[in-house]
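Read the numbers this way: they start at 1 and go in the same order the structure lists the ligands and their atoms.
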Amino acid sequence: MSRILVSQNIAGYLDQAGKILNYEQKEIEKLKEFDLLAEIPFNLILENGHELNLKAYRVQHNNWRGIYKGGIRFHPHVTLEELGNLAFLMTFKNALMDLPFGGAKGGIAIEPTRLSRIELENLSRAYVKNLQGILGPKKDVAAPDVNTNGQVMAWMLDEYQKITRNNSPAAFTGKFVEYGGSEGRKEATGYGGVYVLEKVLEKESVHFSEPLTVAILGFGNVGSHFAEAAGDLGLKIIAVSDIGGGIQNSEGLSWQEVKDYQNENGSVKDFPGAKNISLYDLMECEVDILIPAAIENMINQENAGKIRAKIIVEMANSPVTAEAERLLEEKNIILVPDILANGGGVVTSYFEWLQNQKAEHWSKDEVLAKLKERMERAFEKVWEAKQTYGVNFRLAAYIVALKRMLE
Ligand code: NAD
């Protein structure tokens, strides 16, 4: 069943990986099909009595390697097509990370920052009411994504358990620790990206400034934890942004101070001791490493030619368009792909799912040590494929994942 098409960019990588590995094209075409596209209309009644007509979406791409797994996002840009691409990425990310999961993604097209707390809770519960039949710990395990968090997962799990009358903490991951979540989950995606970056720096001989400088586009969960781990590694964060604006200080920014300021004021904008900059200034600033950690397609043909970073680590999913990728390659900018760089989130979701099923609780040190080991193992596989086939990081990652899918 397939009503939506995978973006040409991603499909192109899959086709190239298939050719390199000598698979028949009909095998590759099967991987472009989707197992389920759910789109359920429902109404949300706001506190002022207004009614919003919404849709609960869930896309299940492929389960050859295991049950479906993927995040849920609340964002105005959510469409079935966008979720399809993201579900497809999840299938390959899970294969690359060697997890027993297939790929899925879900969401609702809404601006959740305009909702009150009770409205957000009702929205989260409505999502589960409408899709409970296809979700579950042995079917499809959801997790947080853009604008959803441990609280949203806790509401969703509570609703799921009420409906099914089962205790099933493994139905949702990314929960608060007190609610059965894993230690280290909220840090995992950002930290995982830094573990991969460390390996890239070890292998690639690029001339960098001393200390290495970093700019982060999207100082949310992933971006801020990336900043934290990068700071611990001795890297200097010189610019960060969120949807409200950007800030820069070439002397370096303390991730914790910026986070505290953002939590209090809603944005990093106007942070004392830094100058305000636009998102475009941030992308084009003189920096060694640029981290897109917001949403899709933020690096595109309009701005890619102006980027001066030497490495881009894709912490968001699909932050670089196909046209931009070609421009970056011409400039020899190293691109570390999303399915490798941000795989730490789903790896730790897997740890949470395991802990829930075994009724265990692992310490944060244990989780992070296991995460580091998984990220490094995935990196080594990708590096090996990159060297063997003489391809870029993204194609190498698809080669490793595709081999796992088909063999
Ligand atoms: P988040 O909502 O916590 O943070 C997103 C950040 O991006 C915020 O600072 C927000 O202000 C900013 N942003 C959003 N839209 C923007 C725009 N149009 N322009 C500029 N800034 C914008 O989300 P997150 O969980 O940190 O996820 C960020 C990205 O990482 C997403 O692409 C997500 O799919 C991907 N990702 C997240 C995880 C995870 O574990 N949370 C795992 C893998 C991938």
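A cation-pi contact, defined as under 6.0 Å to the ring centre and within 45° of the axis, is absent between Lys199 and Trp383. The cationic atom of Arg185 (NZ for Lys, CZ for Arg) does not lie both less than 6.0 Å from the six-membered ring centre of Phe351 and within 45° of the ring axis.
For Lys129, the side-chain contact (heavy atoms from CB on, under 4.5 Å) partners at least two apart in sequence or on another chain are Glu159, Ile163. Scanning for side chain to side chain donor-acceptor pair (under 3.5 Å) contacts around Glu323 gives Thr321, with sequence neighbours left out.
One finds no salt bridge joining Glu251 and Lys236 here, because no Lys/Arg side-chain nitrogen approaches an Asp/Glu carboxylate oxygen to under 4.0 Å.
Protein residues with a heavy atom closer than 4.0 Å to ligand 1 are Arg73, Asp145, Val146, Asn147, Arg185, Thr189, Gly218, Phe219, Gly220, Asn221, Val222, Asp242, Ile243, Leu279, Ala293, Ala294, Ile295, Met298, Met315, Ala316, Asn317, Asn342, listed by chain and number.
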Give the table of side-chain donor-acceptor pairs shorter than 3.5 Å for residues 130-142, with sequence neighbours excluded, one pair per line with atom names and distance.
from   : atom 1 : to     : atom 2 : distance (Å)
Asn130 : ND2    : Ala126 : O      : 2.8
Lys139 : NZ     : Gly133 : O      : 2.7
Asp140 : OD1    : Arg58  : NH2    : 2.6
Asp140 : OD2    : Arg58  : NE     : 2.9
Asp140 : OD2    : Gln60  : NE2    : 2.8

